[in-house]
Novice: 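Attaching a single structure in C-alpha cells format; questions to follow.
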Amino acid sequence: MDLRHLHLHRIHLIASVGLLLGTPALLHAAPGYPKSATPPPAAETRATTTASTAVSAATSNGQQILAESVSEAPVQRPWLVPRNRPQHTFFVDAGYLALLFTLHFQTFDSGSLNEGLSLTAGYNWTSRRGLGVGVIYSGGFFSARRSGLLSTGRLLYVAPEFVARQRAGRRWLFREAVGIGYGRYVRSYDGNRAGRGGVGLHERASVEFMATRWLGLSLGFGGEWILTGAPDVGDGVEFNLVGLLTFHVGGGVRFYF
C-alpha cells in the first residue's frame, strides 16, 4: 500500500514539473505512464526549445543590466576637509583696513590715515573636535601727504588665540578665533617718529575652500581693539575716542598639513 502511494506521488511530481516547463513530453518518462511509439509532436518540441531560449535570453539580459548598473554607479569622492583628525594650518591674508573712531583735525592732499592696507599671518592647530590654539601677527599700514610731506602710521599686533573650526561639505571650512595680545601704533611725520603700545583684543572669522588637501583659499574679516592712544609727531591733532579700533576684510591662502 505504501509503495503504491509512493509510486503515484512520483507520477504527480513529474507531471507537475512537465507542465511548469511546458514540456508534456516529460510525462512519458514517468514510471507507469503508458508508452507510446509515436514521438512527441513537433509543436511540443518547438515550444520546449522556445521556452528554453526565452529563459536563457532573460538570464543573459538580467546579467547585462546588473553589470551596467554596477559600472554606472557614482564614484565616491574623498573628503578633503579633516574628519576625525587634527589639522595644522599656516595662513597669510591681505586686505582693506580701516581705523575707526579716530579723528584727524587736519586735511591731507592725498592718502588717508584712517584707511590702509592690512597684512596678517599666523599658525593654528585644531583637534579632531575642531577646537584648538594658534598665534597671529597683524600689521596695518597708513600713509598720507600734505604740502609735499609724508605722514605715516604703522599698526603692529601679535597675540595667541583660541580657534574653532567647522566643516561644511567636502571642501569648505569655517574658522573663528579670539585672543588677547599686545599692539603698538607708530607714527612718523617730517622726520619725527614716535609710538605707543598697549594690551589688545582681537577677533576674526573666515570661510575656506580646500583646493587640495594641502592648499586652500579664504575670505574673512576681523578687527583689533588696542588700548592706547596715538603719539604726537607734529602733524596736527589726532583724537582716539576708545583707543585704536580697527576693522579689516580680505582674503588669502592656507597651507594645511
Novice: Would you please say whether a donor-acceptor pair under 3.5 Å links the side chains of Ser143 and Thr152?
Specialist: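 Short answer, no.
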Novice: Do we see a donor-acceptor contact under 3.5 Å between the side chains of Tyr123 and His88?
Specialist: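 Note: Tyr123 and His88 side chains meet the donor-acceptor criterion.
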Novice: From the options Ser127, Pro82, Pro86, select the one residue that forms a side-chain contact (heavy atoms from CB on, under 4.5 Å) with Arg165.
Specialist: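 That would be Pro82; it is the only one of Ser127, Pro82, Pro86 passing the side-chain contact (heavy atoms from CB on, under 4.5 Å) with Arg165.
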Novice: So for atom CZ, which belongs to Arg85, do other residues, nucleotides or ligands contribute more than 12 heavy atoms lying within a distance under 6.0 Å?
Specialist: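 Yes.
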Novice: I need the single residue from Arg187, Arg146, Arg145 that forms a side-chain hydrogen bond (donor to acceptor under 3.5 Å, both in side chains) with Ser151. Which is it?
Specialist: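 Single side-chain hydrogen bond (donor to acceptor under 3.5 Å, both in side chains) partner of Ser151 among Arg187, Arg146, Arg145: Arg187.
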Novice: Side chains of Arg154 and Phe141: does their closest heavy-atom pair fall under 4.5 Å?
Specialist: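 Arg154 vs Phe141: side chains touch.
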Novice: Quick check: do Arg128 and Gln87 have side-chain heavy atoms less than 4.5 Å from each other?
Specialist: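 Heavy-atom side-chain distance check fails, nothing below 4.5 Å.
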Novice: Under 3.5 Å, is there a donor-acceptor pair between the side chain of Ser138 and the main chain of Thr120?
Specialist: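 Checking the backbone N and O of Thr120 against the side chain of Ser138, no donor-acceptor pair under 3.5 Å is found.
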Novice: Between the side chains of Glu115 and Tyr96, does any donor sit under 3.5 Å from an acceptor?
Specialist: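 Short answer, yes.
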Novice: Taking the side chain as every heavy atom from C-beta outward, state whether Thr228 and Leu244 have any atom pair closer than 4.5 Å.
Specialist: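 A side-chain contact under 4.5 Å exists here.
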Novice: Does Phe174, at its CZ atom, have more than 12 non-hydrogen atoms belonging to other residues, nucleotides or ligands within less than 6.0 Å?
Specialist: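 No - once you tally the heavy atoms of other residues, nucleotides and ligands closer than 6.0 Å, there are 12 at most.
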Novice: Just do the side-chain contact (heavy atoms from CB on, under 4.5 Å) check on Leu99 and Phe142 with the steps written out, would you?
Specialist: CA-CA 9 Å; Leu99 187 60; Phe142 310 91; 4.1 Å; yes
Novice: Nearest heavy-atom pair of Phe91 and Val135: which atoms, and what distance?
Specialist: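 Distance-wise, the nearest heavy atoms are CZ-O, 4.4 Å.
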Novice: If two hydrophobic side chains count as joined below 4.5 Å and joins carry through other members, does Val249 share a cluster with Leu100?
Specialist: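 Same hydrophobic cluster.
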Novice: If you count the non-hydrogen atoms of other residues, nucleotides and ligands that lie under 6.0 Å from CG in Leu150, is the total more than 12?
Specialist: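 Atom CG in Leu150 is packed in, count exceeds 12.
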Novice: With heavy-atom distances below 4.5 Å as the criterion, would you say the side chains of Trp214 and Phe255 are in contact?
Specialist: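 No, every pair of side-chain atoms sits at 4.5 Å or beyond.
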Novice: Are any of the side-chain heavy atoms of Leu155 and Ile226 separated by less than 4.5 Å?
Specialist: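 Side chain of Leu155 against side chain of Ile226, heavy atoms only: contact under 4.5 Å found.
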Novice: Do Asn124 side-chain atoms and Val133 backbone N/O form a donor-acceptor pair below 3.5 Å?
Specialist: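 Absent.
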Novice: Would you check if there is a donor-acceptor pair between the side chains of His202 and Tyr157 at a distance under 3.5 Å?
Specialist: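 Yes - a donor-acceptor pair under 3.5 Å links their side chains.
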Novice: Flag the pair Asp93 and Arg254 as a salt bridge only when some basic side-chain nitrogen lies within less than 4.0 angstrom of an acidic carboxylate oxygen.
Specialist: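 Yes, charged N to carboxylate O under 4.0 Å.
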Novice: Looking at Arg175 and Glu208, does any basic side-chain N land under 4.0 Å from a carboxylate oxygen?
Specialist: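 Here Arg175 pairs with Glu208 in a salt bridge, since their nearest N and O are under 4.0 Å apart.
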Novice: Let's go through Phe162 and Leu131 carefully: what are the C-alpha distance in whole Å and the side-chain angles of both, what is the deciding distance for side-chain contact (heavy atoms from CB on, under 4.5 Å) to 0.1 Å, and is it a yes or a no?
Specialist: CA-CA 8 Å; Phe162 295 98; Leu131 301 177; over 6 Å; no
Novice: Taking the side chain as C-beta and beyond, is there a heavy-atom pair between Glu161 and Val163 under 4.5 Å?
Specialist: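 Yes, close enough: below the 4.5 Å cut-off.
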Novice: Keeping Arg171 on the side-chain end and Ala211 on the backbone end, is there a donor-acceptor pair under 3.5 Å?
Specialist: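 Judged by distance alone, yes, a pair lies under 3.5 Å.
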Novice: Assess whether side-chain contact (heavy atoms from CB on, under 4.5 Å) is satisfied between Arg83 and Arg167, documenting all intermediate values.
Specialist: CA-CA 8 Å; Arg83 303 176 69 187; Arg167 65 174 184 266; 4.1 Å; yes
Novice: How close do His248 and Gly223 get, heavy atom to heavy atom, and via which atoms?
Specialist: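 That would be NE2-N, 3.7 Å.
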Novice: Are Tyr256 and Phe90 packed together at the side-chain level, in the sense that at least one heavy-atom pair is separated by less than 4.5 angstrom?
Specialist: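 When only atoms from C-beta onward are counted, Phe90 and Tyr256 do not touch, as no gap falls below 4.5 Å.
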Novice: Do the non-hydrogen side-chain atoms of Phe108 and Leu113 ever get within less than 4.5 Å of each other?
Specialist: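 Side-chain contact under 4.5 Å: yes.
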Novice: Could you go through the side-chain contact (heavy atoms from CB on, under 4.5 Å) check for Ile180 and Val199 one step at a time?
Specialist: CA-CA 7 Å; Ile180 301 176; Val199 175; 4.0 Å; yes
Novice: Taking everything shown except Tyr182 itself, do over 12 heavy atoms lie less than 6.0 Å from its OH?
Specialist: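 Counting other residues, nucleotides and ligands, OH of Tyr182 exceeds 12 neighbours.
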